[in-house]
J.: 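This is the structure, below, for whatever I ask next.
Letters A, B, ... mirror the listed sequences (proteins, then strands); counts begin at 1.
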Amino acid sequence: MEFFHKVTKYPFMHTRKVWYGVSGVAIIASIVLLFVHGLNLGIDFTGGVVLEFAYPKAANIERTRTALQEAGFHEAQVQNFGDERSVAVRLLPTDGQDVNQVSKAVTDALKKTDPEVELRRAEVVGPQVGEELTNQGGLAILFTFVLIGIYTWWRFQWKMGVSAIIATLHDPLIILGFFAVSDIPFDLAVLAAILAVIGYSLNDTVVVFDRVRENFHSMRKASPEEVMDASINQTLSRTIITSGATLLVVVVLLIEGGETLRGFSWALTIGILVGTYSSIYVAGALALDMKLSALDLIEQKKDTSELDALP
Amino acid sequence: MYQFAKWKYWLIIIVMVVGTLFALPNVFGEGPALQLSRNDRAAMDQASKDKVLGLLNADSVPVEASYTEKDRLVLRFADTETQSKARETIAKRGNGEFLVALSSASRAPDWMRAVGLKPMSLGLDLRGGVHFVYEVDTVGAVDQAVDRMERDARATLRDKRVPYASVTRVNDSIRVTLRSQDDLTAAQDALRSPDGSILLNTSDSAAGPTIEMTMTPAEVKRRQDVAVQQNITTLRNRVDELGISEPIVTRQAVNRIVVQLPGVQDPNEAIRVLGATATLEFRLVDETNNPYEAAQTKRVPIGSKLLNTRDGRPILVKRDIIATGEQLSDASSGFAEGSPQVNVVLDSRGGQSMMEATRDNVGKRMAVVYIEKKQLAEGERCEGTRNGALCTEEEVISDATIQSVLSDRFRITGLQATEARELALLLRSGALAAPQTIVEQRSVGPSLGQDNIDRGIRAMAIGLLLTFAFMAVYYRAFGWIANLVLLSNLILTVGLLSMLQASLSLPGIAAVVFHMGIAVDANILIYERIREELRNGNSPLQSINVGFEKAFATIADSNVTTLIAGVVLFAFGTGTIRSFAIVMTLGIITSLFTSVVGSRALVHAIWGTRRKLDHLSI
């Protein structure tokens with residue numbers, strides 16, 4: 001089977017201004033959402049207590065809530081977790097409270113509603129740890145960008161490096177926007193997924209840029225815009241097929257991975273979609289508008305290899 | 001025609017055989033097991049092993065496998081029923097010689113274990129258990145040290161008869177104000193520490209010449225390190241008390257300690273045992289009365305206290321306390337003239353009262369009392385005195401004859417090497433422990449752990465099948481090569497994970513699934529190139545060669561970026577996230593190998609050797 005019998009000839013670059021607009025709006029919307037609505041940060045970052053209980057039968061959320069109210073946990077958030085038998089109880093950290101006593105007290109309170117309730121998971125994160133994880137997470141993302149930037153700069157050329165980084169920056173921002181809008185809890189696993197997406201999205205861009213470099217050599221008479229279009233079209237089948245194959249398994253994770261991996265799988269799903277788009281429309285377009293030309297690449301090639309001059 | 005070097009085939013075969021071998025133990029699964037260690041903490045020897053097996057044999061409890069691992073005896077059983085029966089037998093007939101922990105053990109055949117092949121180690125979110133992070137108050141530890149420094153300065157000046165105006169604490173340093181320049185020189189000589197761990201700065205103030213005593217930064221760091229190390233050792237000891245198989249107690253960052261207890265279901269129970277606080281008291285032994293009599297009649301002489309030694313012997317100690325753990329500065333075990341001993345260092349106040357107490361009591365015995373305070377769980381019995389939910393247990397950990405007048409430095413002799421080590425540890429844990437708090441706690445019940453495993457495996461299986469189907473339909477024969485390559489990639493990843501014994505968490509499994517998509521990417525790149533070359537009118541063989549050649553650079557470039565993300569994630573991540581990073585990184589390495597070298601070898605073996613090839617199934 002083959003979806004792309006012939007090399008496609010879509011004039012991607014021609015419409016790039018439109019896509020700049022689309023991306024710009026998406027990014028601004030994401031940033032606004034992040035500030036206005038914010039992320040539903042998990043306790044990994046805020047600190048606090050999450051307890052997961054399983055009832056023998058379908059859980060009665062209302063009763064659970066009342067039981068907790070009676071026990072003095074007025075700010076407890078109670079919701080279904082995954083299936084109808086499971087509930088998650090979340091408490092925000094309060095100063096000077098012995099977190100371990102809390103988990104016991106909550107368990108005792110729920111045992112009163114149903115003695116057979118089972119504590120399946122307890123996570124208690126102190127506020128100082130949360131703060132540290134947030135800082136470390138930010139640092140990790142920053143480091144990834146710096147290292148990847150250095151690599152693409154060194155491997156290609158600075159205009160391509162900068163466009164690749166901007167295109168890649170675009171993806172986590174939109175993922176964050178998605179998390180702000182959907183209210184899916186943002187935990188450490190989501191952060192890990194975002195880092196994976198950064199690597200993945202760049203992977204796509206690199207494939208396109210590799211072809212751009214190659215084509216600047218072989219298509220000497222073509223304009224930079226034509227070279228860019230040709231490169232994207234030539235790699236299009238690979239880009240689509242790989243994204244499709246990856247999306248396939250990630251959707252499996254989304255469906256089968258359970259509640260714990262939900263945020264993580266969503267981040268990957270959105271990341272793959274956006275990453276594919278940004279490699280096609282954003283990275284190449286930016287390089288083009290930074291006046292990337294054959295000279296930028298051919299000069300560099302001559303420095304490193306003499307063999308290219310041979311037929 | 002492109003020549004494919006023979007040695008590459010051999011390389012692939014060797015790598016695959018080794019990888020498969022390492023991955024193999026995972027196929028057998030796990031069975032219920034017991035882990036036994038000796039109550040006296042000695043290593044499990046052949047005699048003990050024979051004894052245990054003899055006991056079980058006498059009760060006709062069938063044992064599937066038995067072997068020693070890290071000083072522990074592991075017994076594997078066919079089912080949980082036999083497991084609990086065996087546990088009962090050992091509890092009933094073992095005379096308390098053994099500590100028994102429930103666990104599970106791999107069902108892999110003996111020879112695999114013998115050559116060191118083990119299944120992947122599963123993280124707590126998969127096998128169930130408790131994970132704690134303690135934060136040691138290193139500031140508090142240094143604070144205590146500064147306090148001690150202040151007391152010592154006063155006592156030293158008094159001892160050496162150097163008059164002083166005042167000794168005060170200013171932040172983390174001690175300011176000694178003197179009356180004259182002569183006193184200043186004398187004080188400097190007296191206060192100078194032999195190891196140079198304290199800096200002395202002199203200056204003049206309105207009140208008179210002053211000396212500023214400050215710990216060197218190296219000393220401060222050492223104090224903090226010692227505090228964390230000490231708490232780790234104490235935690236390890238307490239964890240051993242819980243009798244858990246494969247506990248982990250490690251240091252994280254500067255002042256954190258991670259404790260992982262697989263299989264523990266109730267975190268509160270563990271917190272209680274781990275969180276017990278201990279102190280020490282040095283007291284004289286009451287030798288005029290008979291402790292056995294006192295124990296029997298329950299009548300304790302006035303001015304004495306009835307306690308027990310570690311081995312259960314009753315002992316009477318005087319009510320007056322000579323020194324407490326607060327006055328202990330250091331305790332270490334060592335050897336002098338070939339026999340083990342514990343070296344104890346007290347601060348000056350403790351040294352002073354130790355001297356006064358021992359001056360008149362040479363030849364008599366002195367006891368070291370270890371006091372542990374812990375929160376009681378519901379229905380739990382307190383071995384000592386009970387005050388509400390708080391239980392105080394006192395125990396004499398050493399009673400030795402006073403050989404001469406003691407001062408701030410003395411030693412306790414007449415011990416076995418292990419006893420000396422343990423006494424030093426107990427002394428330190430009763431005195432030097434810096435305050436610590438739990439800053440993170442995660443626990444996963446065993447049923448959720450199993451759920452996570454089942455989910456992970458199902459997601460992996462479905463993902464694999466879908467990918468297989470997709471590749472086979474889209475690339476036909478070449479698709480099957482990609483599938484074979486993907487499968488070997490999975491085997492190699494599992495093999496590497498088993499070899500490195502890096503713990504696998506649920507995000508780790510997710511990384512395996514996600515990675516399947518990325519792993520086929522290399523092959524997709526190659527195949528798309530080959531198709532492109534075919535479209536350009538090249539011959540099939542030529543297309544294969546050019547396709548592989550041109551795709552290689554792209555594959556390398558594009559994988560480096562994902563690799564960078566993986567390495568950064570590994571460096572910054574902890575716990576379950578680290579597992580994700582490990583799988584991601586290993587996966588990239590294995591997929592580079594399998595798709596570039598492996599896939600090419602397969603393609604070459606199938607099509608490369610044909611003399612005539614007009615059509616490719618791609």
J.: Would you mind checking which part of B:N452 comes under 4.5 Å of any heavy atom in chain A, side chain (CB onward), backbone (N, CA, C, O), both or neither?
T.: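 For B:N452, the side chain is the part near chain A, not the backbone.
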J.: Show the numbers, then the answer: is there a side chain to side chain contact (heavy atoms under 4.5 Å, CB included) between B:V520 and B:M471?
T.: CA-CA 9 Å; B:V520 290; B:M471 292 300 281; 4.2 Å; yes
J.: Can you say whether B:V473 sits under 4.5 Å from chain A via the side chain, the backbone, both, or neither, judging by heavy atoms?
T.: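 Backbone plus side chain of B:V473, per the 4.5 Å heavy-atom cut-off to chain A.
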J.: What residue in A:V249, A:L195, A:T152 has the most heavy-atom pairs under 4.5 Å with chain B?
T.: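 Looking at each option in turn, the highest pair count goes to A:V249.
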J.: Here's one to test your reading of the geometry: is the NZ or CZ of A:R211 within 45 degrees of the ring axis of A:F156 and under 6.0 Å from its centre?
T.: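 Relative to the ring axis of A:F156, which defines the angle, A:R211 lies outside at least one limit.
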J.: Which one, B:D557, B:V439, B:I564, B:T554, leads in non-hydrogen pairs under 4.5 Å with chain A?
T.: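 Most pairs with chain A among the choices: B:D557.
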J.: Is it the backbone or the side chain of B:F580 that comes under 4.5 Å from a heavy atom of chain A, or both, or neither?
T.: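 For B:F580, side-chain heavy atoms alone lie under 4.5 Å from chain A.
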J.: Under 3.5 Å, is there a donor on one side chain and an acceptor on the other for B:Y475 and B:E528?
T.: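 There is such a pair (donor and acceptor under 3.5 Å, judged by atom type) between the side chains of B:Y475 and B:E528.
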J.: By a 4.5 Å heavy-atom criterion (distance strictly below it), what part of B:I577 contacts chain A: side chain, backbone, both, or neither?
T.: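 Side chain only.
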J.: Would you mind checking which part of B:F514 comes under 4.5 Å of any heavy atom in chain A, side chain (CB onward), backbone (N, CA, C, O), both or neither?
T.: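 Contact with chain A: backbone and side chain both.
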J.: Measure distances from B:E440 to the heavy atoms of chain A and classify the residue's part below 4.5 Å as side chain, backbone, both or neither.
T.: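 It is both, since atoms from each part get that close.
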J.: Does a donor on one side chain and an acceptor on the other come within less than 3.5 Å for A:T46 and A:R90?
T.: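 Looking only at side-chain atoms, A:R90 and A:T46 do form a donor-acceptor pair, the distance falling under 3.5 Å.
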J.: Cation-pi between B:R529 and B:F548: NZ/CZ under 6.0 Å from ring centre and within 45° of the ring axis?
T.: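 No - B:R529 does not lie over the ring of B:F548 by the 6.0 Å and 45° rule.
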J.: Does any heavy atom of chain A fall under 4.5 Å from the side chain of B:D451, the backbone, both, or neither of them?
T.: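 For B:D451, side-chain heavy atoms alone lie under 4.5 Å from chain A.
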